Amino acid sequence: MTTDSVLHTDAVRVLRDWQAPDDEQDRLRLDYLDHLDARGDGVWRSCRPAHITASALVVDAEAGRVLLTLHPKVGLWLQLGGHCEPEDTTLAGAALREAREESGIAEGLTLFGEGPVKLDRHAVRCAGKDQPENTHLDVQYLVVAPADAVATISEESLDLRWFPWDALPADTDVSVRRLADMARAALQR
């Protein structure tokens with residue numbers, strides 16, 4: 001495998017260095033590394049049948065709330081994030097870029113901690129309903145917003161709202177709930 005991508009190199013470094021919180025997360029970490037070892041293009045949307053994505057759970061820690069987007073393709077409330085872009089040089093930077101773009105919060109967002117909070121693998125149709133499913137190997141970060149930050153909906157979302165930690169919407173999934181729990185625990189350490 002050869003790679004000409006600074007982002008690919010960063011993804012390998014991040015995943016090698018990350019201390020997974022449990023066996024399930026460590027298995028995902030090793031699977032992601034196998035994917036990257038086999039695929040020099042493994043961080044790009046064009047890589048089939050799977051590719052690395054970067055996402056961020058944006059939180060207002062002082063107000064005890066998380067920002068979720070109602071995803072137009074999935075129809076669920078999810079964390080912000082998506083595909084890596086050619087200008088991204090780090091996974092953390094890709095997650096922060098996605099957080100800024102999708103939240104409309106242009107200033108004051110900061111990454112929390114040294115690396116990701118969680119990994120999540122899920123099937124999705126990146127290119128539309130007529131295209132085959134692809135697997136997102138999502139690297140999920142925690143991003144802290146300034147106190148009382150005001151989010152602005154983007155064209156990538158049906159809706160965008162702040163939710164209290166303990167009152168996430170019913171139309172979300174177990175993965176987002178686990179991410180929120182892990183992020184909350186990280187902030188309390």
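As the structure is a prediction and not an experimental result, all values here were calculated from the model.
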note = On a heavy-atom basis, the closest approach of P146 and G108 is CD-O, 3.5 Å
query = Quick check: are there more than 12 heavy atoms from other residues, nucleotides or ligands sitting under 6.0 Å from CD of Q19?
reply = no
query = Could you walk me through whether L111 and V143 pass the side-chain contact (heavy atoms from CB on, under 4.5 Å) check?
reply = CA-CA 5 Å; L111 286 161; V143 171; 3.8 Å; yes
Gap between atom CZ of R177 and atom CH2 of W165 - 0.5 Å precision = 13.0 Å
task = Measure the NE2-CD1 distance between H35 and I52 for me, rounded to the nearest 0.5 Å.
result = 5.0 Å
Given N134, D41, L137, the one that forms side chain to side chain contact (heavy atoms under 4.5 Å, CB included) with H51 = N134
ask   = Is it true that atom CD of Q188 has more than 12 heavy atoms of other residues, nucleotides or ligands lying nearer than 6.0 Å?
value = yes
message = Please check: side-chain N/O of S157 versus main-chain N/O of I153, any donor-acceptor pairing under 3.5 Å?
response = no
request  = Please determine which of V74, L179, L76 meets the side chain to side chain contact (heavy atoms under 4.5 Å, CB included) test together with D173.
outcome  = L76
ask   = Do you know the tightest heavy-atom contact between W162 and I105?
value = CZ2-CD1, 4.0 Å
query = Does a salt bridge link D181 with R184, judged by any charged N lying under 4.0 Å from a carboxylate O?
reply = no
Closest non-hydrogen atom pair between A95 and Y141, with its separation = CB-CD1, 3.6 Å
key: Shortest non-hydrogen contact between L57 and L67, atoms and distance   = CD1-O, 4.4 Å
query = Between E102 and S154, is there a donor-acceptor pair closer than 3.5 Å when you use the side chain of the first and the backbone of the second?
reply = no
Verdict with supporting geometry, R100 and E107, side-chain contact (heavy atoms from CB on, under 4.5 Å) = CA-CA 8 Å; R100 286 185 187 118; E107 305 222 3; over 6 Å; no
query = Just by modelled atom types, is the D148 backbone N or O under 3.5 Å from a matching donor or acceptor in the D60 side chain?
reply = yes
key: Smallest separation among heavy atoms of L119 and L28, with atom names   = O-CD1, 3.6 Å
task = Say whether, by atom type as modelled, one donor and one acceptor occur between the side chain of D10 and the main chain of L91 under 3.5 angstrom.
result = yes
task = Determine whether L7 and T89 make a side-chain contact, defined as any pair of heavy atoms from C-beta on separated by less than 4.5 Å.
result = no
request  = Verify, without hydrogens or angle tests, whether W18 (side chain) and P116 (backbone) share a donor-acceptor contact under 3.5 angstrom.
outcome  = yes
Pairs satisfying side chain to side chain donor-acceptor pair (under 3.5 Å), at least one member in residues 113-123, at least two apart = D31-R121, K118-Q140, K118-S175, D120-H122, D120-S175
key: Nearest atoms (heavy-atom pairs only) where L33 meets L15   = CD2-CB, 3.7 Å
request  = Measure the CG-CG distance between L70 and L158 for me, rounded to the nearest 0.5 Å.
outcome  = 5.0 Å
query = Is the backbone N or O of L80 less than 3.5 Å from a side-chain atom of T69, with the two atoms forming a donor-acceptor pair by type?
reply = no
message = side-chain contact (heavy atoms from CB on, under 4.5 Å) for V176 and W77? Distances and angles first, verdict last.
response = CA-CA 8 Å; V176 173; W77 290 95; over 6 Å; no
ask   = Under the side-chain contact (heavy atoms from CB on, under 4.5 Å) test, which residues partner E24, sequence neighbours left out?
value = D22, R27, R178
Side-chain donor or acceptor of H8 paired with backbone N/O of L36 under 3.5 Å = yes
inquiry  = Walk me through whether Y32 and V139 qualify under side-chain contact (heavy atoms from CB on, under 4.5 Å).
reply    = CA-CA 9 Å; Y32 286 24; V139 181; 4.0 Å; yes
query = How are the rings of H136 and H83 set to each other: parallel, tilted or perpendicular (split at 30° and 60°)?
reply = perpendicular
request  = Would you give the length of the straight line joining atom CH2 of W44 to atom OG1 of T53, rounded to the nearest 0.5 angstrom?
outcome  = 13.0 Å
